[in-house]
Amino acid sequence: MFDSSKKDEMLNLLVLKTKELGRRPSFTEVREDQNMPDPNDYAYHFRSFTDAREIAWRGYESSTRKGTLAIKKSIKPIKVTKKPG
């Protein structure tokens with residue numbers, strides 16, 4: 001069965017990594033980050049790591065304009081709360 005919570009969690013992590021870097025993360029940067037899923041795992045839910053990275057980038061760009069992190073999806077928006085400090 002399809003686990004949308006896993007997909008949401010993976011995308012949220014990729015958005016946070018994008019925010020941390022201020023740009024699209026590379027395949028190697030994600031692979032070397034022990035807190036991130038393997039970039040190849042993104043293909044199962046998003047067709048490819050590149051596609052997932054572009055979705056995360058759009059969510060990051062949108063957040064910089066609005067001041068919040070949110071990703072628009074076909075099902076529902078994903079919101080990531082910012083940690084204080």
Side-chain angles (χ1 to χ4, degrees):
M1 177 153 200
F2 178 69
D3 183 4
S4 64
S5 65
K6 175 75 172 174
K7 180 179 178 178
D8 293 348
E9 180 182 346
M10 290 174 66
L11 190 55
N12 285 336
L13 289 170
L14 195 54
V15 170
L16 291 173
K17 184 69 173 177
T18 301
K19 180 182 177 204
E20 172 190 322
L21 297 171
R23 58 174 171 74
R24 293 170 183 87
S26 71
F27 187 95
T28 302
E29 288 169 327
V30 172
R31 176 169 269 169
E32 291 175 352
D33 186 334
Q34 294 179 355
N35 296 315
M36 297 290 299
D38 187 276
N40 287 316
D41 293 343
Y42 284 91
Y44 178 77
H45 296 290
F46 301 97
R47 295 187 316 175
S48 70
F49 171 73
T50 302
D51 286 351
R53 185 177 75 164
E54 290 309 308
I55 294 167
W57 177 252
R58 287 193 308 266
Y60 168 73
E61 281 187 315
S62 175
S63 73
T64 58
R65 287 189 296 269
K66 295 179 186 176
T68 62
L69 280 178
I71 301 171
K72 291 184 179 179
K73 294 186 359 175
S74 58
I75 301 172
K76 62 182 178 181
I78 300 172
K79 293 189 179 182
V80 180
T81 55
K82 295 181 182 179
K83 292 183 179 179

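Atoms considered below: every heavy atom in the structure, side chains included; atoms not considered: hydrogens, waters and symmetry mates. Keep in mind that what you see is a predicted model, and the values were worked out from it rather than measured.
- Closest approach of Val30 to Pro37, counting heavy atoms only: CG1-O, 3.6 Å.
- Looking only at side-chain heavy atoms (C-beta outward), Asn40 and Phe49 stay at 4.5 Å or farther from each other.
- Side chain of Tyr60 to main chain of Ile55: no donor-acceptor pair is present (N/O by atom type, distance under 3.5 Å, no hydrogens or angles).
- Note on Leu21 and Phe27: separate hydrophobic clusters, where clusters join Ile, Leu, Val, Met, Phe, Trp and Tyr whose side-chain heavy atoms are under 4.5 Å apart, directly or indirectly.
- Tyr44 places none of its side-chain heavy atoms less than 4.5 Å from the side chain of Lys6.
- Glu32 places no side-chain N or O within donor-acceptor distance of the main-chain N or O of Glu29, the cut-off being under 3.5 Å.
- In this structure, the separation between CD on Glu54 and CD on Glu61 is 9.0 Å, given to the nearest 0.5 Å.
- Nearest heavy atom pair, residue Leu14 against residue Pro25, reads CD1-CG, 3.9 Å.
- For the side-chain hydrogen bond (donor to acceptor under 3.5 Å, both in side chains) test with Lys17, the passing option among Asn12, Asn35, Asp33 is Asp33; the others fail.
- Atom OG of Ser48 is separated from atom CZ of Arg53 by 9.0 Å, given to the nearest 0.5 angstrom.
- In this structure, the side chains of Met10 and Asp41 come closer than 4.5 Å at one or more pairs of heavy atoms.
- Heavy atoms only, all atoms of each residue included: Arg23 and Trp57 are closest at CA-CZ3, 3.3 Å.
- Across every non-hydrogen atom of Ala56 and Thr18, the tightest pair is CB-OG1, 4.0 Å.
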Phe46 vs Leu11, side-chain contact (heavy atoms from CB on, under 4.5 Å): CA-CA, chis, key distance, verdict: CA-CA 9 Å; Phe46 301 97; Leu11 190 55; 3.9 Å; yes
